[in-house]
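Note sheet for the following structure.
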Protein chains: 2
Amino acid sequence: MSTNFDIAQLRSSCATCSLRELCLPVGLNDQEVHLLGEVVSHKRKIRRGGYLYHTSTKFQTLYAIKSGFFKTCILEEDGRQQVTGFHMTGELLGLDAISGDLHTCDAIALENSEVCEIPFAKLEEISRTIPSLMRHFHRIMSREIVRDHSIMLLLGSMKAEERLASFLLNMSRRFAIRGYSETSFILRMTREEIGSYLGLKLETVSRAFSKLQHETLITVNNKHIQILDLDRLKLKMGNTSCLT
Amino acid sequence: MSTNFDIAQLRSSCATCSLRELCLPVGLNDQEVHLLGEVVSHKRKIRRGGYLYHTSTKFQTLYAIKSGFFKTCILEEDGRQQVTGFHMTGELLGLDAISGDLHTCDAIALENSEVCEIPFAKLEEISRTIPSLMRHFHRIMSREIVRDHSIMLLLGSMKAEERLASFLLNMSRRFAIRGYSETSFILRMTREEIGSYLGLKLETVSRAFSKLQHETLITVNNKHIQILDLDRLKLKMGNTSCLT
DNA sequence: CGCCTTTTTGATAGCCGTCAAATTTCGTGG
DNA sequence: CCACGAAATTTGACGGCTATCAAAAAGGCG
């Protein structure tokens with residue numbers, strides 16, 4: 001029975017996870033990954049539309065997305081709302097909550113999803129003995145800051161079509177990294193959610209889709225997007241670094 | 001002579017720095033602060049208009065602002081530019097560079113300034129033995145992410161006047177924390193830089209200043225701003241959390 | 001299959017960007 | 001300390017982009 005238990009552990013641990021090279025374990029050796037796996041043993045399933053966490057609830061664990069797709073959004077008292085990000089497999093959720101021990105946004109599943117729970121106190125603890133883990137964790141936080149800066153550039157200086165092109169190229173690249181097609185994919189979010197993320201109204205997003213389609217840069221079939229000319233789409237947005 | 005040296009060390013170390021409660025040493029005991037001080041011994045002066053670092057240069061050290069005022073901005077190949085932040089004493093610069101070992105923005109002094117150099121490798125090293133340092137460093141990075149999210153909200157959903165009100169309230173609060181007046185201060189940056197930060201053109205910023213002045217919410221004398229009614233100014237921006 | 005949500009498209013209005021010119025401020029050198 | 005020129009700021013007029021309002025069409029879930 002001990003054997004069965006070990007196998008189950010192994011199965012669900014970081015060591016054998018297909019996302020090992022995308023997620024927190026990047027750069028760790030086998031022994032280190034094993035240690036990390038013991039900290040990250042617990043998992044959680046979230047149904048489409050369900051909340052992974054709510055704003056203002058206590059923060060104790062980070063979450064790594066094992067499968068599925070999430071959005072995070074902030075909601076102000078006055079009703080103002082904004083999607084701050086869309087999140088795919090291997091990405092970490094909850095980094096914003098470290099600063100105040102409370103979640104500062106809602107995380108909502110856009111399809112049935114599964115996450116790995118990473119108790120933050122334990123992560124800090126073991127990262128003291130695994131320098132490469134600490135370093136990679138710092139890189140992940142820093143990358144989030146860089147991402148946010150490029151979204152600020154987008155929101156501050158791009159027109160609707162440029163924003164949408166930028167968004168599609170970003171999606172394309174992230175799908176490609178995960179082994180999916182970079183030119184044909186299904187968007188999990190609504191036009192309204194895209195608009196909130198890009199600082200546009202849903203009608204403007206819809207119009208921008210139509211415009212890009214008329215210019216034969218993409219094909220739009222509701223949520224199914226096909227990119228017909230990646231290079232020309234990149235030109236659209238002036239060769240900026242497209243939401244790194 | 002050994003005595004003189006020790007005194008000099010002490011003088012320039014974190015232990016006696018007036019920003020101890022604002023900066024990296026928050027939450028550390030005397031012994032820990034002393035250790036940190038040895039890592040942070042080197043300082044650097046930057047003249048107004050000078051660069052602390054350039055985009056794409058190698059990253060090795062973080063900087064804590066000892067005195068003065070900085071802006072950070074990203075510059076795209078196509079000429080698109082955006083101010084990503086204004087930075088005051090006690091704040092850390094360079095966090096964005098951790099992810100790729102290269103600086104992703106320019107940091108420029110808006111007045112004669114002095115910074116403390118924090119070799120990042122050494123910071124990671126000693127934070128392994130000082131858990132409270134590691135924790136606070138994580139909080140600082142996380143806070144940067146939260147700040148960026150609130151700027152995204154601002155850029156994505158606020159009108160010009162609301163953005164400016166939000167910006168002024170943010171400045172006000174940060175001056176107050178540092179012991180300066182929260183209702184009367186000198187802005188170090190130009191209208192164009194404010195506009196770049198807020199996703200507006202300089203003329204629009206100027207008009208928004210005039211509008212707020214006509215409504216007797218503030219008094220504007222070029223770079224000198226006086227806030228006449230903090231509460232009404234907060235109402236202006238719909239009680240959002242004003243660039244936390 | 002039917003209802004509800006999402007998306008598309010059109011018409012109109014308002015905010016902000018652009019262009020322009022006058023005025024003030026600031027930095028430099030005499 | 002003053003004077004000059006460059007830079008920054010303010011204000012006006014106009015146009016374009018996007019929000020808003022509205023209605024129809026398409027898609028999805030029970």
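Note that the structure is predicted; figures quoted are calculated from it, not measured. To find a chain, count down the sequence lines: A is the first, B the second, and so on, and within it residues start at 1.
Rounding to whole angstrom units, NE2 of residue H214(B) and P of dT10(D) are separated by 11 Å. Put simply, CE on M158(A) is 13 Å from P on dT18(D), counting in whole angstrom units. Protein atom NZ of K201(A) is 14 Å distant from nucleotide atom C1' of dG14(C), rounded to whole Å. Straight-line distance from the CD1 atom of I186(B) to the C1' atom of dT9(D): 15 Å, rounded to whole Å. Distance, Q213(B) CD to dT11(D) C1': 13 Å, rounded to whole Å. A straight line from CE of M189(B) to C1' of dT9(D) spans 16 Å, rounded to a whole angstrom. For the pair F209(A) CZ and dA25(D) P, the computed distance is 22 Å after rounding to whole Å. For the pair E192(A) CD and dT5(C) C1', the interatomic distance rounds to 11 Å; values are reported in whole Å.
Of the possible donor and acceptor atoms, none in the side chain of D229(B) sits under 3.5 Å from a partner among the backbone N and O of L217(B). Of the possible polar contacts, one joining the E193(A) side chain to the T190(A) backbone as a donor-acceptor pair under 3.5 Å is found.
Using a 4.0 Å heavy-atom cutoff across all strands shown, T190(B) reaches sugar-phosphate atoms only and no base atom. Using a 4.0 Å heavy-atom distance criterion, G199(B) is classed as a sugar-phosphate-only contact. Residue contacts shown for L202(A) include a base, since a base heavy atom lies under 4.0 Å away. K211(B) comes within contact range of no nucleotide atom at all, as no heavy-atom separation falls under 4.0 Å.
K223(A) has a side-chain polar atom (N or O) that falls below the 4.0 Å cut-off from OP1 or OP2 of dT7(C). At dC29(D), one or more side-chain N or O atoms of R48(A) fall inside 4.0 Å of OP1 or OP2 (strictly under the cut-off). Dashed line: the shortest gap from a side-chain N or O of T204(B) to OP1 or OP2 of dG17(C) is under 4.0 Å. For the pair S206(A) and dT6(C), the criterion of a side-chain N or O lying under 4.0 Å from OP1 or OP2 is not met. Proximity of N222(B) to the phosphate of dC26(C): a side-chain N or O atom is located under 4.0 Å from OP1 or OP2.
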*asked:* Go through it in stages, so that I can follow the logic: the residues are K236(B) and E161(B), the test is salt bridge (Lys or Arg N to Asp or Glu O under 4.0 Å), and I'd like the CA-CA distance, side-chain angles, deciding distance and then a yes or no.
replied: CA-CA 8 Å; K236(B) 251 291 159 205; E161(B) 264 180 80; 3.0 Å; yes
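Using cut-offs of 30° and 60° for the angle between ring planes, the Y53(A) and Y63(A) rings count as parallel.
To the nearest 0.5 angstrom, I218(A) atom CD1 is 12.0 Å from S184(A) atom OG.
Nearest to the side chain of R191(A), among dT8(C), dC29(D), dT9(D), sits dT8(C).
Within the 4.5 Å cutoff, the side chain of R188(B) has no heavy atoms near those of the F86(B) side chain.
Counting heavy atoms of neighbouring residues, nucleotides and ligands inside a 6.0 Å radius, atom CZ of R178(B) exceeds 12 of them.
In the helix from dC1(C)-dG30(D) to dG30(C)-dC1(D), the rotation axis of the first five pairs and that of the last five pairs differ in direction by 60°, rounded to 10 degrees.
In this structure, R191(B) satisfies the cation-pi test against F209(B), with its NZ or CZ atom closer than 6.0 Å to the six-membered ring centre and inside 45 degrees of the ring normal.
Legend: residues meeting side chain to side chain contact (heavy atoms under 4.5 Å, CB included) with Q82(B), ordered by chain and number and at least two apart, are M152(A), L153(A), S157(A), I74(B), L155(B), S196(B).
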*nucleotides 12-17 of chain D: protein proximity per nucleotide (B base, S sugar-phosphate only, - neither; heavy atom, under 4.0 Å)*: BB----
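For F59(B) and F120(B), the ring centers are positioned less than 6.0 Å apart.
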